[in-house]
Amino acid sequence: MEMQEIPDVDPQETQEWLDALDSVIRNEGAERAQYLLEQLVEKARRNGAYLPFSATTAYCNTILAGQEERSPGDHEIEDRIRAYVRWNAMAMVVRANKHTNVGGHIASFASAATLYDVGYNHFWRAPSDNFGGDMVFVQGHSAPGVYARAFLLGRLSQEQMDNFRQEVDGKGLSSYPHPWLMPDFWQFPTVSMGLGPLMAIYQARFMRYLRDREIIQPQGRKVWAFMGDGEMDEPESLGAISLAGREKLDNLVFVINCNLQRLDGPVRGNSKIIQELESNFRGAGWNVIKVIWGGYWDTLFARDTKGLLMKRLEECVDGEFQTFKSKDGAYVRKHFFGKYPELLELVSTMSDDDIWRLNRGGHDPHKVYAAYAAAMKHSGQPTVILAKTIKGYGMGEAGESQNITHQQKKMGTSSIKTFRDRFNVPVPDEQLEEVPYLKFEEGSPELTYMRERRAALGGYLPARRQKAAPLEVPPLSAFDALLKATGEGREMSTTMAFVRILTTLVRDKKIGKFVVPIVPDESRTFGMEGMFRQLGIYSHVGQLYTPQDAEQLMFYKEDKKGQILEEGINEAGAMSSWIAAATSYSTHGIPMIPFYIYYSMFGFQRIGDLAWAAGDMRARGFLLGGTAGRTTLNGEGLQHEDGHSHLQAATIPNCISYDPTYAYELAVIVQDGMRRMYQEQEDVYYYITVMNENYEHPAMPAGAEASILKGMYLLREGKAKKGAPKVQLLGSGTILREVIAGAELLEKEYGVSADIWSVTSFNELRRNGLDVQRWNMLHPEQPPRLSHIEECLKDRGGPVIAATDYMKLFADQVRAFIPGRKFFALGTDGFGRSDTREKLRGFFEVNRHYVTVAALKSLADEELVPQSTVAAAIVKYGIDPEKPNPTTV
Ligand SMILES: Cc1ncc(C[n+]2csc(CCOP(=O)(O)OP(=O)(O)O)c2C)c(N)n1
Ligand SMILES: [Mg+2]
């Protein structure tokens with residue numbers, strides 16, 4: 001039975017208890033009342049009563065009318081500023097869509113204007129030389145409101161405003177917050193729903209990490225994140241709130257604009273989104289502040305002595321609240337208050353217009369100010385502010401509270417007139433059609449006020465730092481041990497080589513402390529558990545227990561100053577931590593060097609949208625796809641064997657990716673990556689695959705560095721006699737070793753001379769190839785340029801055979817740059833399956849025998865060897881020509 005359904009069997013007794021409680025509240029205060037109630041509930045529970053926990057409070061404001069902190073601002077001036085911001089935000093969308101169909105949103109910012117305005121006027125502090133700055137995650141499609149304010153302040157020109165969503169010719173404004181496109185303005189890309197809330201939590205957590213490690217000073221900085229109520233349906237939005245609660249992130253404030261609508265219609269037509277979110281967040285340990293009713297309701301509540309008004313508000317569902325606000329005062333009187341005669345009586349002296357003026361909390365700057373002030377002061381918990389608003393506020397017939405409102409980007413002149421009248425802005429009738437922008441004149445009290453407020457808060461926002469002081473990156477010689485051969489019989493994996501690189505880096509006097517190793521419960525998989533003791537696992541509270549393995553040298557050490565972020569089984573969270581670290585140069589002015597190592601299959605495929613956002617945010621750091629390759633991870637099977645993460649990495653324009661085979665390749669790549677990102681401050685990030693297959697590593701060929709970085713270098717020249725048929729063999733990752741073995745078979749058994757190329761990055765070869773191809777197309781009368789792969793292969797004849805542990809498409813990317821030559825790509829298309837490496841490489845047709853057969857077949861097609869030689873090789877290697885294609889098995 002739900003609690004509210006319990007009938008009152010003895011009203012007199014009920015009244016006595018309520019009176020007793022009243023007197024406690026009056027004489028001893030609300031806190032004492034709460035204490036007594038909790039004692040009573042506890043006692044009842046101990047005696048066997050079933051009293052389920054209720055995490056919701058009444059459907060009213062958390063902060064009582066008498067307890068609100070008052071805003072020190074000039075309310076009349078702020079009203080006018082807000083009206084102008086609202087108008088300009090609407091105008092830029094309507095104007096842009098008069099002659100184009102570029103789209104845009106009016107209704108979302110219309111509902112959120114007050115929530116932003118109060119923040120900009122009173123709370124959000126800009127970064128400066130001696131203050132790190134608050135971080136504000138703006139809801140993506142409320143961007144017009146942010147531009148409108150920046151325009152009033154003279155930060156954006158009218159030309160830019162008129163180029164909203166028209167970026168190609170320059171001087172345009174991005175549809176949504178995109179640091180890539182507006183790098184000195186936007187900090188956080190938010191428009192992919194759910195990523196903002198998730199990333200904001202990890203930004204707050206990373207800020208705390210930097211503070212605990214004494215890399216930044218405690219300054220009371222906050223992360224503010226704005227989001228829609230519909231957006232809360234995303235698992236990403238709510239998925240990390242328990243982390244924020246558990247870690248008591250009191251530097252974090254969520255503001256959820258509960259306008260009760262999403263794109264198609266109501267968010268929770270049949271219930272109440274605010275109540276649902278209240279219980280979710282409270283259950284997760286957050287401080288919840290509901291801002292439901294505006295000041296005009298206060299007198300009504302004061303007169304609602306029997307609680308009937310509250311009862312009526314409780315029984316209404318969001319679908320009804322929405323419908324009320326799409327009608328008028330008379331409708332609300334009849335259908336809301338009209339349900340109970342006492343309520344009709346309550347509003348009998350109010351006109352329909354008065355009833356219509358009964359405002360929602362999120363539109364009342366006083367209530368919003370009080371909530372923000374309380375959030376600023378709250379300690380020990382993150383705060384969520386649940387603000388009730390109206391979608392399309394002020395749009396009238398054109399969309400206010402209407403299901404269609406989300407996509408309204410045009411407004412007729414009569415709606416624009418209503419909008420003007422509602423917000424009382426000075427636009428003459430004859431100009432309504434053109435929807436002119438409004439500006440405050442130089443010297444006007446409004447402009448002066450806006451500037452003064454921002455000056456008091458440290459400067460303009462949004463603002464993004466683009467560079468920080470560069471780091472002194474160690475030279476390649478720091479990794480000297482990895483540039484030498486491992487020696488006879490001494491085997492290691494590239495994962496081990498990576499751990500050695502990381503160990504060298506964390507010990508580096510200059511940059512060691514900026515390194516941030518990140519793992520999602522996989523350290524032991526990668527042989528990194530030695531770092532637990534050495535670096536410590538970050539925990540804000542240190543270690544409150546004796547670890548089970550305390551006696552051992554490498555015990556599980558949690559530490560307030562711990563350097564490792566051990567995120568648990570949580571790739572989205574780990575990636576968000578990585579993003580926070582990788583953007584620290586911008587958000588904190590201090591470059592951090594994150595290395596996030598994970599199962600490559602649970603990388604781009606799992607958190608692809610975050611990886612895209614990281615590109616947009618100009619993240620700088622390293623992603624390490626561990627246990628990579630479809631056949632290299634033996635035994636794990638279909639779900640774990642990654643044969644495509646490199647293709648996914650290639651989709652992100654500023655992600656540089658490599659699939660190295662040898663320790664020295666890895667060292668060269670990591671060192672140069674650090675140089676580019678932390679010394680030169682290029683806005684790129686790295687994806688590198690590492691494997692757990694052990695083998696011997698040769699010494700680096702002299703002078704190979706530059707070509708390793710370009711994506712391909714000659715590893716070994718073909719040995720066969722002069723005049724022998726030639727092939728060029730390309731390999732990457734561990735499959736390079738099969739290619740080497742194939743070359744030996746070709747030479748020994750078939751007299752074919754095979755040059756062997758180590759391809760560290762097919763992705764980089766393709767990018768370079770496309771770039772050169774494009775240049776040649778556009779410069780037809782100049783001597784054509786050669787791409788790196790063309791340069792490598794131009795003097796070396798014969799068909800080209802490439803083999804990787806990824807889908808054929810990975811190597812096939814370079815086909816266009818080997819014109820006029822036979823090209824054959826081997827790869828691992830299809831679902832993985834459990835077996836040994838050897839079996840899998842046979843199954844996927846990427847082992848030395850297939851390399852040999854593919855080379856012979858290519859030669860045969862060019863009539864350099866007979867087809868019968870190919871057939872004989874197939875028989876010799878025991879290959880069943882009728883074997884089903886692994887792609888479809
Ligand atoms: C991941 C993702 N899915 C879908 C969309 C498309 N979309 C943009 S806004 C929106 C509705 C948002 O509703 P709400 O969060 O309530 O914001 P409001 O506009 O009401 O403030 C949708 C579905 C998106 N931006 N991101
Ligand atoms: Mg909404």
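Just follow the structure's listing: the first ligand is 1, and inside any ligand the first atom is 1.
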Kindly check if the number of other-residue, nucleotide or ligand heavy atoms within 6.0 Å of [atom1] ([X]) is above 12?
X: R606; atom1: CZ; answer: no
X: E397; atom1: CD; answer: no
X: D184; atom1: CG; answer: yes
X: K409; atom1: NZ; answer: yes

Nearest neighbour in protein (non-hydrogen) for [atom]:
atom: atom 19 (O) of ligand 1; value: S108 OG, 2.5 Å
atom: atom 25 (N) of ligand 1; value: V191 O, 2.9 Å
atom: atom 1 (C) of ligand 1; value: E234 OE2, 3.3 Å
atom: atom 13 (O) of ligand 1; value: R262 CA, 3.5 Å

Item to complete: Please check atom 6 (C) of ligand 1 for a protein heavy-atom neighbour under 4.0 Å.
Response: no
Worksheet item: Heavy-atom distance to atom 4 (C) of ligand 1: which of M193, K391, Q407 wins?
Response: M193
Worksheet entry | Option set H406, M227, Q139, M232, criterion heavy-atom distance to atom 17 (O) of ligand 1, minimum | Q139
[X] (side chain) donor-acceptor with [Y] (main chain) under 3.5 angstrom:
X: N163; Y: K171; value: yes
X: T418; Y: S414; value: yes
X: T100; Y: A96; value: yes
X: E167; Y: L181; value: no
X: D134; Y: R125; value: yes
X: K367; Y: R360; value: no

Does any N/O atom on [X] come nearer than 3.5 Å to any N/O atom on ligand 1?
X: L263; answer: no
X: D229; answer: yes
X: S192; answer: no
X: S111; answer: no

Hey, which atoms in ligand 1 end up nearer than 4.0 Å to a heavy atom of [X]?
X: E231; value: 14 (P), 15 (O)
X: G230; value: 14 (P), 15 (O), 16 (O)
X: N259; value: 18 (P), 20 (O), 21 (O)

Worksheet item: Under the criterion salt bridge (Lys or Arg N to Asp or Glu O under 4.0 Å), which of R422, K391, K325 is the partner of E400?
Response: R422
Practice prompt. Under 2.8 Å from the Mg ion (ligand 2), which protein N, O or S atoms are there? Could you list them by chain and number?
Written response: D229 OD1, N259 OD1, Q261 O
Worksheet, complete the sentence: Between A649 and C655 the two heavy atoms that sit nearest each other are O-CB, 3.9 Å
Worksheet item: Between E231 and R262, is a salt bridge (charged side-chain N to carboxylate O under 4.0 Å, His left out) present by the stated rule, with each step listed?
Response: CA-CA 8 Å; E231 182 171 8; R262 49 192 181 207; over 6 Å; no
Fill in: Whether H105 lies under 4.0 Å from ligand 1, heavy atom
no
